[in-house]
Amino acid sequence: MRAVLVGEAMLELAQHGAGWQLAYGGDTLNTAIHLARAGIDTAYLTALGTDPFSLDLTARWAAEGLDTALVLADPARHPGLYAITCDESGERSFTYWRGESAARRLFVCPGIAAACDRAARADLLGFSLISLAILPEAGREALFDLARRVRARGGMVAFDGNYRPRLWPDPAMARAARDAAIALATIGLPTREDEVMLGAPDDPEAIAAHWQELGCGETVVKLGADGCRLPDGSVCAPAAVLAPVDTSGAGDAFNAGYLAARLRGATPASAAREGHALAGWTIMRRGAIPARED
């Protein structure tokens, strides 16, 4: 099975002792790396620069097994940057420098037409509300068109409603983009906290109903430490309650575990257990994409 994830990859600064450690991250990139580690043939569609940091990122992703053939180059721009700080409970906060990120110009980069032709043949296309937030309106429409092409060939489209208020002029615009994406998705991965910030009631049933009414039948509502609401209405809880070291990338890891299992034919309930296991492993280590272990 072939998966293509679309979005923005960034340099990551994370606290390490008295100093800072440089790595990389980004919601859909995190999911893509985990999928590649799980043995899924996965490519990442994004844009970087031609600077040494961009070249290093591409080399690192390739070393993880990620197909970098769809990583386009914008010589006038660079990757974005973010820093993570965590409190005593492992809850994180972010500081961003991403205004001139190359990924914002993805759909006008040289080579984008050929890249989209290749991406359209994927068995699974994945993107998020952050993927849409960083794009101009024409770029969002181009991504929606790519999703339609994947659906037309019988492929799956996974959408994560990952909401970051500072990336949007107002919640209404974010809701409109989210709803347009939901209507194109076959697998929906909303988070209760994000949906509530966008004006939804604090009720997993109501959240799932909204997504399903817009056409996304397989909707899994992520509930944090409480687990997730499955498409059949049941709740799948994690196997254990953990005291996290760093919650960065937890939802992205869940997405990867869930999607990898579904690509292999697992039921939603079994896939959710795989998602919880991978998210649990991630939050007990530092960084959005902890180093692979034996």
Side-chain angles (χ1 to χ4, degrees), residues 2-14 21-37 40-83 94 96-122 124-147 149-150 157-158 160 162 164 167 249 252 256 287-289:
R2 170 75 163 172
V4 174
L5 280 291
V6 186
E8 179 187 33
M10 305 177 70
L11 297 166
E12 175 193 273
L13 285 175
Q21 185 173 23
L22 183 64
Y24 54 83
D27 63 341
T28 54
L29 173 69
N30 302 340
T31 298
I33 293 288
H34 285 304
L35 284 171
R37 289 178 175 181
I40 301 297
D41 178 12
T42 306
Y44 195 57
L45 176 58
T46 192
L48 295 174
T50 56
D51 56 278
F53 290 107
S54 295
L55 298 177
D56 181 62
L57 288 180
T58 306
R60 290 194 191 194
W61 302 342
E64 289 279 9
L66 192 63
D67 182 351
T68 60
L70 303 184
V71 178
L72 305 182
D74 183 338
R77 295 209 173 190
H78 307 287
L81 171 70
Y82 69 98
F94 300 90
Y96 291 98
W97 299 266
R98 72 196 311 173
E100 297 300 315
S101 167
R104 291 176 177 265
R105 289 173 47 84
L106 171 61
F107 285 96
V108 295
C109 274
I112 186 60
C116 284
D117 286 343
R118 292 186 61 181
R121 297 193 291 271
L124 169 71
L125 179 76
F127 63 98
S128 74
L129 193 56
I130 292 179
S131 308
L132 298 174
I134 65 158
L135 293 170
E137 185 175 353
R140 291 175 201 152
E141 290 302 321
L143 182 49
F144 290 153
D145 182 63
L146 178 58
R149 293 172 66 184
V150 172
V157 174
D160 180 350
N162 201 352
R164 296 291 181 269
L167 294 179
D252 311 327
I289 312 175

| For L132, does its backbone N or O pair with a side-chain atom of R140 as donor and acceptor, under 3.5 Å? | yes

| query | Less than 4.5 Å apart, any side-chain heavy atom of Y44 and any of L29? | reply | yes

| field | Partner of L72 under side-chain contact (heavy atoms from CB on, under 4.5 Å), chosen from L48, L106, T46 | value | L106

| query | Quick one: CZ on R77 to CZ on R104, what's the gap to the nearest 0.5 Å? | reply | 8.0 Å

| Atom pair CD1 (I33) and CH2 (W61), whose distance is rounded to the nearest 0.5 Å | 7.5 Å

| note | What one should report as the nearest heavy-atom pair of D74 and C109 is CB-SG, 4.0 Å

| request: Would you indicate whether the side-chain heavy atoms of R164 and I130 approach each other to under 4.5 Å? | output: yes

| said: Distance alone, cut at 3.5 Å: any donor-acceptor contact between the side chains of T28 and T31? | reply: no

| Can you check whether L11 reaches L22 side chain to side chain, under 4.5 Å on heavy atoms? | yes

| task | To the nearest 0.5 angstrom, please state how far the CG atom of L167 sits from the CD1 atom of I134. | result | 8.5 Å

| message | Can you tell me how far apart OH (Y82) and OH (Y24) are? Round to the nearest 0.5 Å. | response | 10.5 Å

| message | To the closest 0.5 Å, what do you measure between CD1 (I112) and CZ (R105)? | response | 12.0 Å

| Which atom names give the shortest non-hydrogen contact between S128 and D27, and what distance separates them? | OG-OD2, 2.6 Å

| request: Report yes or no: does R118 contribute a side-chain atom to a donor-acceptor pair with the main-chain N or O of A114 at less than 3.5 Å? | output: no

| message | Please evaluate residues I289 and R37 with respect to the criterion side-chain contact (heavy atoms from CB on, under 4.5 Å), reporting the C-alpha separation (whole Å), side-chain torsions for both, the decisive distance (0.1 Å), and the verdict. | response | CA-CA 11 Å; I289 312 175; R37 289 178 175 181; 3.7 Å; yes

| Any idea which heavy atoms bring A119 and V150 closest together, and the distance? | O-CG2, 3.9 Å

| Looking at T42 and A32, what are the two nearest heavy atoms and their distance? | CG2-O, 3.8 Å

| remark: dist H34:NE2 -> L5:CG (nearest 0.5 Å) comes out at 11.5 Å

| said: Walk me through whether W97 and M10 qualify under side-chain contact (heavy atoms from CB on, under 4.5 Å). | reply: CA-CA 9 Å; W97 299 266; M10 305 177 70; over 6 Å; no

| message | Quick one, C116 and F107 - any side-chain contact, counting heavy atoms below 4.5 Å? | response | yes

| task | Show the numbers, then the answer: is there a side-chain contact (heavy atoms from CB on, under 4.5 Å) between D160 and L129? | result | CA-CA 6 Å; D160 180 350; L129 193 56; over 6 Å; no

| task | Please name the pair of heavy atoms, one in G7 and one in S131, separated by the smallest distance, quoted to 0.1 Å. | result | CA-OG, 3.7 Å

| Atom of V157, atom of A147 and distance for their closest heavy-atom approach | CG2-O, 3.8 Å

| message | Any non-hydrogen side-chain atom of V6 less than 4.5 Å from a side-chain atom of L143? | response | yes

| Short question: side chain of D145, backbone of E141 - any donor-acceptor pair under 3.5 Å? | no

| said: Can a donor-acceptor pair be found, under 3.5 Å and without considering hydrogens, that links the side chain of T68 to the backbone of V71? | reply: no

| request: For E8 and R98, run side-chain contact (heavy atoms from CB on, under 4.5 Å): C-alpha distance rounded to whole Å, both residues' side-chain angles, the deciding distance at 0.1 Å, then the answer. | output: CA-CA 10 Å; E8 179 187 33; R98 72 196 311 173; 2.4 Å; yes

